[in-house]
Amino acid sequence: MKERPIRVLIAKPGLDGHDRGAKVLARALRDAGMEVIYTGLRQTPEQIVGTGIQEDVDVIGLSILSGAHTHLFPRVMELLRERGANDILVIGGGIIPEDDIPALKKEGIAEIFTPGTTTQAVIDYIKENVRQG
Amino acid sequence: MTLAEGILAGDQRAIARLITIVENRPREAIPALQALYPHTGKALVVGITGPPGSGKSTLVGRLTKRLRQLGKTVGIIAVDPTSPFTGGAILGDRIRMQDLATDPGVYIRSMGTRGSLGGLAKATHNVIKILDAAGKDYIFVETVGVGQSEVDIVKTADTTLVVLVPGLGDDIQTIKAGILEIADIFVVNKADRQDAGRVVAELEMMLDLSSKEVEWRPPVYSTVATSGKGIDAVVEGIEQHIHYLCQNSKLEARRRERYRAEIMNIVKEGIITQLLDFWSVGGKLETLLAEVAAREKDPYAAAWEIMQTFTGNGKGGS
Amino acid sequence: MFAKEQVDSIREKKRKWEETTLKKVLDRFPERSQEFGTLSDLPVERVYTPADVADLGYERDLGMPGEYPYTRGIQPTMYRGRFWTMRQYAGFGTAEESNKRYKYLLEQGQTGLSVAFDLPTQIGLDSDHSLAEGEVGKVGVAIDSLEDMETLFAGIPLDKVSTSMTINAPAAVLLAMYIAVAEKQGVAPGKLAGTIQNDILKEYVARGTYIFPPQPSMRLITDTFAYCSTNLPNWNTISISGYHIREAGCTAVQEVAFTLADGIAYVDAAVKAGLDIDKFAPRLSFFFNAHMDLLEEVAKFRAARRLWARIMKERFGAKNPKSFMLRFHTQTAGCALTAQQPDNNVVRVTLQALAAVLGGTQSLHTNSRDEALALPSEDSVRIALRTQQIIAHESGVANTVDPLAGSYYVENLTAHIEKKAMEYIEKIDALGGAVKAIEQGFIQREIQESAYEYQKSVESGKRIVVGVNKYQLEAEEAPKDLLKVDPAVGRYQKEKLSRLRATRDPGAVELALKRLKETAQSDANLLPPIIEAAKVYATLGEICGVLREVFGEYETSVIF
């Protein structure tokens, strides 16, 4: 049987409307053979977690450029833990200052990709780190 | 708790997991599906089809909200095309229903077609059963929406809605051959556009011309899904159609056809799998292929030889 | 521009040159690449000659500065008269903090204000709304009511500065608050100068801070046109923006095409609403991106100016020369900044700013080097402003009008961009105009296609970005002193709001909102009731809430 496609939720939490990066990445992941669920702008942490669970995704990718990551990323992780879904790999991207990264990782965000990251680097990271099964 | 028990208890993660298994490793899902089967048959399955850009997802979102107001629970299966080249897909239908993402009475699942051609994913019918067993009153199945190939939905749904919009050219003319047969209900969406009235009139005329004493003449509703206009009427229309089906034991008949097709499919697949398993052992199949390639045998003879396996082994028969 | 015999002789000469001089060199030293192209992938020839501008008519296509078709600039003297307005987009945290930054910038020699609002303000939510959590004061200043607006402009005489506000969906509300502040300062609306971005169409395709569906949004815009043409004659009622469309990944040609197509849609809507084109069109302004390809950008600005003049004259039959003039603000390309080796961004911004000046911009924002990392620090903002001042005072490029005119390459590229952009506009016309094209996802798809192609070309190494895919540093030190918005801003705004709600006149607010609702349901101009509501301290969220109730909200559709 063929290898199953990896399922990824690409979500934009917060209110910023800059979705160039999210959309380019969504296409790159699709072209790498993944199933990408794209939910558009202004997603609340509750919506993101609800969607991630219903869609049984392997990865949630959060993209944010407004600076609200310090509030919203930890909230997503908290909800995932509450619902017993913290086995989902969560990665983040956008304008995220270096200083903020350690705290976000401590919250359980597996990796943060800052501007200039290639889509290939994200694809490789997902393929290496996604849960097996 | 087993997955089936979790699903019967309405646990979203259990539902999600079994759907994944059904999609990826269908054979593994069989015991759970068997356990769920006695709890299925209660949900009404509504298919939604129509060309891309007709607003199917927005419509499904609105219909769901209305049904929630009426106290019903809803499952939604949204199918998008898988790229035949990469196997990847962008599943974007949810974007128009994200306000439902946090409603515990709604379960939305996006699926890629993964090579299936009839507008649905191969696992769709099993996903319907899972959501049915999980207690959803209504299950919407939104097809890929590429036009005439949307035939699978009729074999899957109790009621099929065909969504059309004005301004997509002469689509009615081009797809009328297919849609008249599959639609139980027509929805002309984006009815705030100029030529919506014309589309409705054309549809009505076509229905008049073709109404050779049909018991159910598909009603035509006008909606503006983005604003919610006309949605209540469509929900009533769905209920009327279901009522009609129940009254004439048509629902029973439709579903029976579905069971027949499903069983036949399982049989077909089972036989093929068993035969191929048998023939793969010791490179028998490869040898046979080599003979066909060398023109020593023709494909019919080769196939016949394979099919003889059962009778040859005494496994087949009456 | 040249006689036919002359062009023929040059063509012949070039052919000979290719066979002799050039061939000898190419045989021994092949060129770096088989093909050359601009940043936007327009083909670039080895060398341009008069033959490449043979079709150009000087008077028809270039003309004199300050005259139709305005290719060379909208004023006869351009920067010999006055430099462009140096306008740095700024704002963060509370109104108090932003007010301090504005005063600092004015002291540093900046000549106009440019207000950045936070995201809750941009989508019409008060700071105490649940969706605003974590966003208050982050990418701009938080404005909840007239009270905040009064603080924002405290001590800044509004009859002396021109103020640009980057606000779109709720633009009419913020303008109303500005008018109310001015009134309190004793400044009549007629004396106010400035700009509101007010460009909803690009929000749907590129920037994402929309609220209402297209139709009522267009009404808010034309109502603003109508109100300002009688009451605020010096106010730019819209800044039709290609900037964000370019940031979203489109090409130079698409930037011109989609921006002007949006412009056409606004003019159409206003004309349909019964406005006199020569009354509102002179107050339309534009906003473009200055990207990395210097000469392509110069050509882009010139092409946009010429094309808009032609559209206004030929398509809309405008008579007032001011209606023909494409006046524009420019911001250097944020997407060209790199997080790697951020000091290199100073050089990038210099080139981009130079392109804007050589292209004849009316005002300019230069990005700060650290903007790919965070909000700019004060030091970075100063360097960015100094970049403009150096170009103005030291480089010499501001001493003559349109210095690159007559360059065979630039003129050829200008004509090429104009032609390609016009082809797009015709395609959009065929779809029923920009609003329809957006509803059908045409423009969004085109932008995404370009963005994806660009990304692939960087990842494949076909395109070099210094410090990113070539000349990287082994270990980069993380930059320090990045600006952090105090997380207490959110709490502070909430408290301020609850005090306001407790102390204002609730009856007056209720009445004003009721009037607003009635007007929204009718087709009367919305500006007067919005101004009334702002004056009695109805909040932004309350005013937009009433409009949401009547108009509904825009729901995007994903288009890949």
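So that the names make sense, note that chain A is the first sequence line, chain B the second, and so on, each numbered from 1.
Across A:A26, A:A85, A:G50, the residue that shares the most heavy-atom pairs under 4.5 angstrom with chain B is A:A85. Taking chain A as the reference chain and counting heavy-atom pairs below 4.5 Å, the highest number among B:M97, B:Q12, B:M111, B:R17 is found for B:R17. With respect to chain A, the highest number of heavy-atom pairs below 4.5 Å among B:D103, B:I19, B:I108 belongs to B:I108. Of the residues considered (B:A16, B:G112, B:A101), B:A16 shows the highest number of contacts with chain A, using heavy-atom pairs under 4.5 Å.
Contact check on B:E23 versus A:R4 returns no salt bridge, with no Lys/Arg side-chain nitrogen under 4.0 Å from an Asp/Glu carboxylate oxygen.
Contacts between B:T102 and chain A at a heavy-atom distance below 4.5 Å involve the side chain alone, from C-beta outward. Using a 4.5 Å cut-off between heavy atoms, B:R13 touches chain A through backbone and side chain atoms alike.
Within 6.0 Å of the NZ atom in B:K65, the count of heavy atoms belonging to other residues, nucleotides or ligands exceeds 12.
When every heavy atom of B:Y107 is checked against every heavy atom of A:I53, the shortest pair comes out as OH-O, 4.2 Å. Scanning both residues, B:T86 and A:D31, for their nearest heavy atoms gives CG2-O, 3.5 Å.
A:I37 contributes atom CD1, which lies 7.5 Å from atom CZ of B:R94 (distance to the nearest 0.5 angstrom). Rounded to the nearest 0.5 angstrom, A:R30 CZ and B:S83 OG are separated by 6.5 Å.
The shortest side-chain heavy-atom distance between B:Q98 and A:Q43 falls under the 4.5 Å cut-off. Counting heavy atoms from C-beta outward, B:R109 and A:D56 have side chains that approach closer than 4.5 Å. For the pair B:N24 and A:P5, the minimum side-chain heavy-atom distance is below 4.5 Å. For the pair A:T39 and B:I95, the minimum side-chain heavy-atom distance is 4.5 Å or more. A:R7 is listed as a side-chain neighbour of B:L91, based on a closest heavy-atom distance under 4.5 Å.
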